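The model shown is predicted, which means the values in this text are computed figures rather than measured ones. Whatever order the structure lists ligands and atoms in, that order sets their numbers, starting from 1. FYI, the numbering just counts along the sequence from 1. Both backbone and side-chain heavy atoms feed into the values below; hydrogens, waters and symmetry mates do not.
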Amino acid sequence: MRQAGPWLRAAEGAMLLGPDGVPAPTVFAEMSALAAATGAINLGQGFPDEDGPVEVLDAAVAAIRDGVNQYPPGRGTPDLRLAVSEHQSRWYGLEVDPDRQVLVTAGATEALAATLLAFVEPGDEVVTFEPFYDAYGALIRLAGGTHVTVPLTAPDFLPDEDILRAAFSDRTRVVLVNTPHNPTGRVLPDEVLATIVELAEQYDALIVTDEVYEHLTFDVPHVPIATLPGAADRTVSISSAGKTFSTTGWKIGWLTAPPALVDAITSVKQFLTFVNGAPFQPAVAAGLRLPDAVFTGIAAELSAKHDLLADGLRAAGFELMRPDGGYFVIADAAPLGYEDAREFCLQLPELVGVVGVPVSAFVRPDHAAGYRSLVRFAFCKRRPVLEDAAARLAGLTSRA
Ligand code: PMP
Ligand code: GLN
């Protein structure tokens, strides 16, 4: 046991350290390590196992060769900011000034971090749905905020309107929305988005929306909350190239917001990473300008991959909740006799050579009831890999 000096208090206070003083690994890192150690198929951490559009890759290689290798401008290269602005207009009819309303960040994660650090003070409340992406909880704690959650419960993973309304108060500084949602795959219906905007107006809260899976929806449109009446003036919209272009390792994200909000977030961002990814910025600009058919093709392929994995999971006896979008499907292991998904996920490599992630990792320990037997499987993998995983999972014997 290491001596935990008082200088560890901040990290301890944010509950980022394990009991022995080393960083508590995220569930994604833990399960990827398990997959690597056992040789199991990794359907845990959400990253694709093949490259995205070749135009995007070629543009990055060309940029490196052309000497685009030094610090880019603080807000991002003007051309990427223009491409983001064009993208918002082309897909959603949102007009944003590329010079004053766009900020390029080190992935969506830095956009979230800089935004929460810029606006949340100790005592402020931040409302999110639960389950929530792990970084939300950690970043809210680092900002000193109080995390208030609204449950999304199986099987439909929609919020109860009364609970959503009750989550807001005069202390609510930010409501942090994520649609399409990780881990449930739910695309929040327009009525829910409208209620959020109404509540944000009533309590003068900022809306922060994480839309990294914006182009990965299956037969349902993605509606950015910023397009709703009254929302744009109080909304920070966040996205990332990682999911759309299968470049999760590049860490190019961006946000769009009213100029004063972008200025405040930039003031924090410049001391987090300063800047990042110079040669990847023109490549992402090229990606954002690809024809519509490329984007719809990516979603169609992912939807087919969902079906492939879902067939295997259903054959194995899991009960499934169909996602509207994103990389993941939630499977209930209870019908197979596994009530504790974490224990099940730790055994799964040995049982059939597959790795998944327990949904309990996305909820607070005291809120785990209702999620205990749920497992998240990623289907952003090559078809033969999914076929193999589906066949392996279909061989699971029920212990029910
Ligand atoms: N938000 C959500 C909902 C995510 O699933 C992820 C990661 N996959 C991120 C943010 C982080 O995105 P980035 O890698 O661009 O930081
Ligand atoms: N967002 C990815 C997921 O949900 C993982 C990213 C990470 O490992 N931090 O699986």
Original post:
Without hydrogens or angle criteria, can the side chains of Y92 and E214 be said to hold a donor-acceptor pair below 3.5 Å?
Top reply: yes
**OP:** For the residue pair D332 and S373, confirm or rule out a side-chain donor-acceptor distance under 3.5 Å.
**Re:** yes
Subject >> For Y213, atoms of ligand 1 separated by under 4.0 Å from a heavy atom >> reply: 3 (C), 4 (C), 5 (O), 8 (N)
Original post:
Would L176 end up clustered with L117 when hydrophobic side chains under 4.5 Å apart are linked, directly or stepwise?
Top reply: no
Polar-atom distance check: [X] versus ligand 1, any N or O pair below 3.5 Å?
{"X": "Y133", "answer": "no"}
{"X": "N182", "answer": "yes"}
{"X": "S240", "answer": "yes"}

Original post:
Do the rings of Y71 and F274 sit parallel, tilted or perpendicular, given the 30° and 60° boundaries?
Top reply: perpendicular
Can you tell which part of [X] has a heavy atom less than 4.0 Å from ligand 1: side chain, backbone, both or neither?
{"X": "K243", "value": "side chain"}
{"X": "K251", "value": "side chain"}
{"X": "A108", "value": "both"}

Subject >> Selected option - heavy-atom contact closest to atom 10 (C) of ligand 1, from T248, I238, D210 >> reply: D210
Can you confirm whether or not the ring centre of [X] sits under 6.0 Å from the ring centre of [Y]?
{"X": "F295", "Y": "W91", "value": "yes"}
{"X": "H222", "Y": "Y213", "value": "no"}
{"X": "F132", "Y": "H147", "value": "yes"}

Subject >> Nearest heavy atoms of P48 and T248, plus distance in Å >> reply: CD-CG2, 3.9 Å
**OP:** Tell me which protein heavy atom sits closest to atom 16 (O) of ligand 1, plus the residue, atom name and distance to 0.1 Å.
**Re:** T109 OG1, 2.5 Å
Anything under 3.5 Å between an N or O on ligand 2 and a protein N or O? List each pair with its distance, or write none.
{"from": "ligand 2", "atom 1": "1 (N)", "to": "Y133", "atom 2": "OH", "distance (Å)": "3.4"}
{"from": "ligand 2", "atom 1": "4 (O)", "to": "N182", "atom 2": "ND2", "distance (Å)": "2.9"}
{"from": "ligand 2", "atom 1": "4 (O)", "to": "R376", "atom 2": "NH1", "distance (Å)": "2.9"}
{"from": "ligand 2", "atom 1": "8 (O)", "to": "Q45", "atom 2": "NE2", "distance (Å)": "2.6"}
{"from": "ligand 2", "atom 1": "9 (N)", "to": "Y133", "atom 2": "OH", "distance (Å)": "3.3"}
{"from": "ligand 2", "atom 1": "10 (O)", "to": "G46", "atom 2": "N", "distance (Å)": "2.7"}
{"from": "ligand 2", "atom 1": "10 (O)", "to": "R376", "atom 2": "NH2", "distance (Å)": "2.7"}

Subject >> Check ion pair D307-R322 (N to O, under 4.0 angstrom) >> reply: yes
Original post:
Does R289 come within less than 4.0 Å of D79, counting only side-chain N to carboxylate O?
Top reply: yes
